Every structure is written in C-alpha cells, then in structure tokens.
Amino acid sequence: MNVILLGAPGSGKGTQSIILNKKFGFLQLSTGEMIRQNIEDKTELGLMVQTLVNSGEFVNDDTILSMISNRILMKDCKNGFVLDGFPRNVNQAKKFDKILKENNKKINIVIELKVIKKILFERIQNRAIEANEAREDDKGEVLENRIKIYEEQTEPLIPYYKDLGLHYEVNGMKNIDEIALDIEKIIKIKFKTNKEII
C-alpha cells in the first residue's frame, strides 16, 4: 500500500512515517531527508539546492519528481511506501499520478495531520532543544516562510485528494501514540484486514 502524509512543517509527518514503517513495513520516503542527505554528501543536487533549502524555499518540481520517481521503482518499495513531504503542490501531484499509472502503481490513501499552526513554533523549538541544535530550516523567519509556502502551495492538495476520494483527516494535536492509533484505524477500516494492507 502506498500512503501520502500531509501536514504543515512540524506537524509530525516524519514521526508518523517511521511508525507506519515499523507497523506495516511501508518504506518511509522523505524528500526532505533525501535532499538533506544530498547536501551533506555535497552531491551535484545537494550543491544546487542548498541555498534554496536554507532560505526556506522548495526545490523545483522536475528535480523532486525525478528523484522520487526513480526511488519508488527500487525493490525495497515493492511492499508499499509512505511519502513524507511530497507532493508539495497540485502540479507535482498530477505529474506524480501520471508516473505512478505508467508504472502500474497508485496512491491508496492520503492522511492529513491537522494542526493549529501557531503551536508548530513551540513544537519545533522543543525539537531543536532536544537535539541541542536547530536545523537551518527550523529557524524563526525561515520557518514562517515554510508555513506560508505550505498554505499557498500545499494546502490546495487537500481538495485535490478529497475529489479523488483518498483524503482522510487526523487530529495532529493529540500525542504521538494517539495519532498513530487514529492513522492505524483509518488504514484498517479502509482495507479491512492486515493481510489486505500488506
């Protein structure tokens, strides 16, 4: 099964992706992590996008689509994947749907982690304190810009996926375990049994 997690920066998509991986074996695919790894490794892609990421901007659609499209065709994705941070906008979603169809794949479910955005700052500040450092894209003005871009570009994905009958909403203000349980219930209700899920 292939899952998309939607939510504003700091909503907990990465955490829930890891839980889904452990529970159901869906491979976690985070475009943010892929990009950060490329930056750390100083690859051609990493050097190209570092300035954009540090200023809170997003990588262009074609680059992201190419990176994700190649990744989902690898053998470790055969039992399903969960996308964290992709697609970013409706244009990406439409192009990705076409790529999936060409490869006899599809998105089965889209789960939105609904949060109160002003709480996100506190969450991300806590994340920085726990890690004893802040990522460049977690800093004040950059974070504000990331949330603004999310509202303008990514939130329109919600009606897009609602129209396709794939969208489900989860209260992202609950604790991690409660959110994970709500997501699990949605998956089991939609797919009836664990056997069908995997």
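For the single chain, residues carry numbers from 1 onward in sequence order. None of the values given here were measured: they were computed from a predicted structure.
- Here the side chains of Asn145 and Tyr150 are not in contact, with every heavy-atom distance at 4.5 Å or above.
- Looking at residues two or more places apart in sequence or on another chain, you find no side-chain hydrogen bond (donor to acceptor under 3.5 Å, both in side chains) involving Gln153.
- Remark: Asp62 pairs with Lys95 by the salt bridge (charged side-chain N to carboxylate O under 4.0 Å, His left out) rule, at least two apart or across chains.
- At least one donor-acceptor pair under 3.5 Å links the side chain of Lys13 to the backbone N or O of Gly7.
- Put simply, the side chain of Ile19 reaches to within 4.5 Å of the side chain of Thr15, judged on heavy atoms.
- Listed by first and then second residue, the salt bridge (Lys or Arg N to Asp or Glu O under 4.0 Å) pairs that reach into residues 102-111 come to none, sequence neighbours excluded.
- For Asn108 (side chain) and Asn2 (main-chain N/O), a donor-acceptor pair under 3.5 Å exists by modelled atom type.
- Between the Asn21 side chain and the Phe26 main chain, a donor and an acceptor come within less than 3.5 Å of each other.
- Contacts classified as ring-ring contact (aromatic ring centres under 6.0 Å, His included) and involving residues 82-115 (residues at least two apart or in different chains) are given here: Phe86-Phe96.
- Listed by chain and residue number, Lys117 satisfy the salt bridge (charged side-chain N to carboxylate O under 4.0 Å, His left out) test with Glu151 (two or more places apart in sequence, or in another chain).
- Here the shortest heavy-atom pairing between Ile39 and Gly46 reads CG1-O, 3.5 Å.
- For residues 156-169, every residue pair satisfying the side-chain hydrogen bond (donor to acceptor under 3.5 Å, both in side chains) rule, not counting sequence neighbours, is listed here: Asp97-Tyr160, Glu112-His167.
- Of the possible polar contacts, none joining the Ser66 side chain to the Thr63 backbone as a donor-acceptor pair under 3.5 Å is found.
- Using a 4.5 Å cut-off on side-chain heavy atoms (C-beta onward), Leu166 and Ile109 make no contact.
- Side-chain N or O atoms of Gln92 include one that pairs as donor or acceptor with a backbone N or O of Arg88 at under 3.5 Å.
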